[in-house]
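Report on the following structure.
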Amino acid sequence: MAALRADGVDPFAPNSFGVTAKAAELQTKYGSLENGQVTEDHVAVAGRITSYRNSGMFIDLLDDSGKIQIFSHKDSVPAETLARLAALDLGDWIGVRGIVRRTPRGELTVNLAELTVLGKAMTPPPEKFHGLSDVDTRYRHREYDLVGNEESRKALRARFAVLRALRNFMDSRGFLEVETPMLHVIPGGANAKPFITHHNALDMDLYLRIAPELHLKRLIIGGLADRVYEINRCFRNEGISTRHNPEFTTLESYEAFTDYNGVMKLAEEAIEAAALAVFSKTDFHFRGHDVSVKTPFRRARMTDLVREATGIDFLKLPDVADAKAAAQKLGIDVHACHNWGQVVEAAFAEKVEDTLIQPTHVTDLPKDISPLAQGHRTEPLLTERFETFIAGWEFCNGFSELSDPAEQRARFEAQTAQREAGDEEAQYLDEDFIHALELGLPATGGLGIGIDRLAMLLTGVDTIREVIAFPTMRPK
RNA sequence: GAUCGCGUAGCUCAGCCGGUAGAGCAACUGACUUUUAAUCAGUAGGUCGUGGGUUCGAAUCCCACCGCGAUCACCA
């Protein structure tokens with residue numbers, strides 16, 4: 001540092017450098033350049049020093065595309081530039097102008113002609129061979145993780161590429177990307193415990209949203225667009241695990257003039273499109289399974305899957321007490337179940353969920369656990385709702401949207417009763433939403449996709465934190 | 001929330017049948033100019049997560065706490 005300043009270089013001063021080439025572009029463009037061959041092509045590259053050999057004669061420069069070697073020889077580089085090179089450390093940012101060649105040993109290289117110091121590392125980067133492996137430090141200080149670990153860079157880049165791909169897909173289907181409130185007066189659209197915050201000027205508590213659903217439907221009601229979607233954060237005040245982060249990202253879309261059959265098609269096409277756009281394939285290895293996201297996905301009714309797994313047809317046991325008794329005989333814990341639908345859901349979670357490895361739309365979920373979905377057109381206990389399972393995990397949730405305000409009020413009231421019976425996650429009655437429905441919601445299909453889990457599936461990681469840049473951590 | 005495991009130099013790790021704290025990489029000084037985890041010589045770097053206890057003596061044994069991880073529970 002002192003040496004650089006003595007040399008008139010302040011690495012912290014404002015500066016600029018016109019990059020003309022990325023490392024990966026050069027590796028591709030000069031892929032056929034033979035060992036020892038020298039071009040006359042001048043390029044300007046910039047990045048971070050990740051390796052420094054032979055007193056700076058060989059430097060590995062890492063940019064956001066990859067790595068390129070920099071060569072400086074005393075016969076061709078001015079002495080003052082060599083001295084400046086000697087003052088550099090691992091982790092420093094530099095810009096280099098020079099010509100492209102391939103060394104006799106086969107490494108694509110830029111022969112340094114001009115050096116610009118663009119940034120200084122005051123602490124050394126993580127160990128060059130092992131990288132940073134302490135998971136605690138990796139998540140708390142993600143920048144050190146990214147510097148040291150190619151795998152971390154790849155996983156996060158892939159996650160953000162998936163976001164981009166999904167936006168492109170939705171846009172191409174004529175959906176309008178919108179934003180709706182993060183701060184809710186009533187947390188709605190899902191069954192979950194919310195975070196509470198406070199607005200000082202209004203002197204009122206607000207909730208961080210658990211889902212954008214109700215506001216998105218209000219945009220459809222208003223006729224803003226026939227098709228809307230939002231990709232953004234939801235917040236749920238629940239446990240943290242390898243598959244749950246308190247803030248997570250969902251894609252939610254609403255499409256007028258379709259039902260859940262159309263939504264299932266949209267969901268699977270969105271997943272397949274993201275897979276193809278980012279990874280150019282549909283076969284993935286995830287949680288120890290080989291999974292194909294090639295469309296179409298299998299569809300199966302939840303009660304049928306439960307019947308196949310247990311021999312019990314819960315549709316023939318519509319009474320809660322009978323259903324509970326039957327479930328108990330299977331060893332299923334039903335003490336927290338307040339109604340028929342929750343018993344079916346418990347049986348499904350216990351006996352079926354883990355077996356759904358290949359993508360499966362589980363259809364016609366019970367009305368009791370689906371307060372925002374249209375009743376099924378032929379089965380009174382069920383709704384036109386589906387959840388998509390892959391490798392035993394839920395990835396999507398969608399349904400034909402309930403549009404009858406009176407029915408919606410009755411459903412909310414059933415939820416309220418459930419809350420009073422001790423179910424902390426039952427939904428709240430939202431008068432504003434019912435008032436909105438009174439203006440007329442067209443026949444609409446809605447969809448939610450868990451983006452973090454989708455990124456996990458496509459990148460093959462088994463911890464949600466690997467695909468979240470800064471996962472929630474307790475302060476040390 | 002429960003159980004188990006982990007926490008030693010900037011990073012990766014060893015030491016753990018109690019007896020003055022170790023290595024590699026990184027850093028610093030020097031040598032070396034066609035390297036690929038460059039090499040060689042030297043220097044410096046630590047409240048051993050925190051607090052307490054047992055002991056003549058604790059990184060090591062015991063207890064509590066903090067943080068992280070795994071599994072389970074919770075969780076559309």
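Every chain is numbered from 1 and lettered A, B, ... according to where its sequence line falls, protein lines coming before strand lines. Computed from a predicted model, the values in this text were never measured in an experiment.
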Run the salt bridge (charged side-chain N to carboxylate O under 4.0 Å, His left out) test against [X] and tell me which residues pass, sequence neighbours left out.
X       : value
R233(A) : E247(A)
K29(A)  : none
E269(A) : R173(A), K265(A)

>> I want to confirm an ordering. Mapping I240(A) and G189(A) to their closest nucleotides on RNA chain B, which one lands closer to the 5' end?
In response: I240(A)
Using atom [atom1] in both nucleotides, what's the gap between [N] and [M] to the nearest angstrom?
N      : M      : atom1 : value
A59(B) : U20(B) : P     : 10 Å
A26(B) : U39(B) : P     : 8 Å
A38(B) : G24(B) : C1'   : 15 Å
C13(B) : U8(B)  : C1'   : 9 Å
G10(B) : G1(B)  : C1'   : 36 Å
A9(B)  : C48(B) : C1'   : 10 Å

Stretch [range]: residues that reach within less than 4.0 Å of RNA chain B through a heavy atom:
range                       : value
residues 346-372 of chain A : I369(A)
residues 384-402 of chain A : R385(A), E387(A), E394(A), N397(A)
residues 411-425 of chain A : E425(A)
residues 66-90 of chain A   : Q69(A), F71(A), H73(A), D89(A), L90(A)

Quick one: label [X] by what it contacts on the DNA or RNA (base, sugar-phosphate, nothing), any heavy atom closer than 4.0 Å.
X       : result
R140(A) : sugar-phosphate
G131(A) : sugar-phosphate
T137(A) : nothing
D60(A)  : nothing

> Taking only side-chain nitrogens and oxygens of K128(A), does any of them come within less than 4.0 Å of OP1 or OP2 of A27(B)?
Replying inline: no
>> The test is ring pair (Phe, Tyr, Trp, His ring centres under 6.0 Å); show your working for F348(A) and F389(A) and say whether it passes.
In response: CA-CA 12 Å; F348(A) 171 80; F389(A) 285 82; 5.2 Å; yes
>> Students often mix this up, so state it plainly: with edges at 30° and 60°, are the rings of Y260(A) and F386(A) parallel, tilted or perpendicular?
In response: tilted
> Relative to each other, are the rings of H184(A) and H215(A) parallel, tilted or perpendicular (30° and 60° limits)?
Replying inline: tilted
Under a 3.5 Å limit for both distances, which nucleotide forms a Watson-Crick or G-U wobble pair with [N], could you say?
N      : value
C48(B) : none
G7(B)  : C66(B)
C40(B) : G30(B)
C16(B) : none
U54(B) : none
G1(B)  : C72(B)

Is it true that [X] and [Y] have a side-chain N and a carboxylate O under 4.0 angstrom from each other?
X       : Y       : answer
K120(A) : D89(A)  : yes
E34(A)  : R102(A) : no
E387(A) : R385(A) : yes

Name all residues meeting the side chain to side chain contact (heavy atoms under 4.5 Å, CB included) criterion together with [X]; count only those two or more places apart in sequence or in a different chain, and write none if there are none.
X       : value
N232(A) : M182(A), R209(A), E230(A)
S133(A) : none
R301(A) : T303(A), D304(A), L315(A), T363(A), D364(A), H376(A), E379(A), L382(A)
R243(A) : S241(A), W393(A), R453(A)

Each nucleotide N or O in nucleotides 4-10 of chain B that has a protein N or O under 3.5 Å away: list the pair and distance.
none

Among [options], find the nucleotide with the atom closest to the side chain of [X].
X       : options                : value
T103(A) : U34(B), C68(B), A38(B) : U34(B)
R474(A) : C25(B), G67(B), U34(B) : G67(B)
S133(A) : G67(B), U36(B), U12(B) : U12(B)
T463(A) : A70(B), C13(B), A73(B) : A70(B)

> For the side chain of K74(A) and the backbone of A79(A), is there at least one donor-acceptor N/O pair under 3.5 Å apart?
Replying inline: no
>> Under a plain distance cut-off of 3.5 Å, with no hydrogens placed, do Y30(A) and R101(A) share a side-chain donor-acceptor pair?
In response: no
>> In the structure I gave you, are the side-chain heavy atoms of L372(A) and L214(A) within less than 4.5 Å of one another anywhere?
In response: yes
>> I need the minimum non-hydrogen distance between H130(A) and N149(A), along with the two atoms involved.
In response: O-OD1, 4.2 Å
> Does the separation of the ring centres of F433(A) and Y428(A) fall below 6.0 angstrom?
Replying inline: no
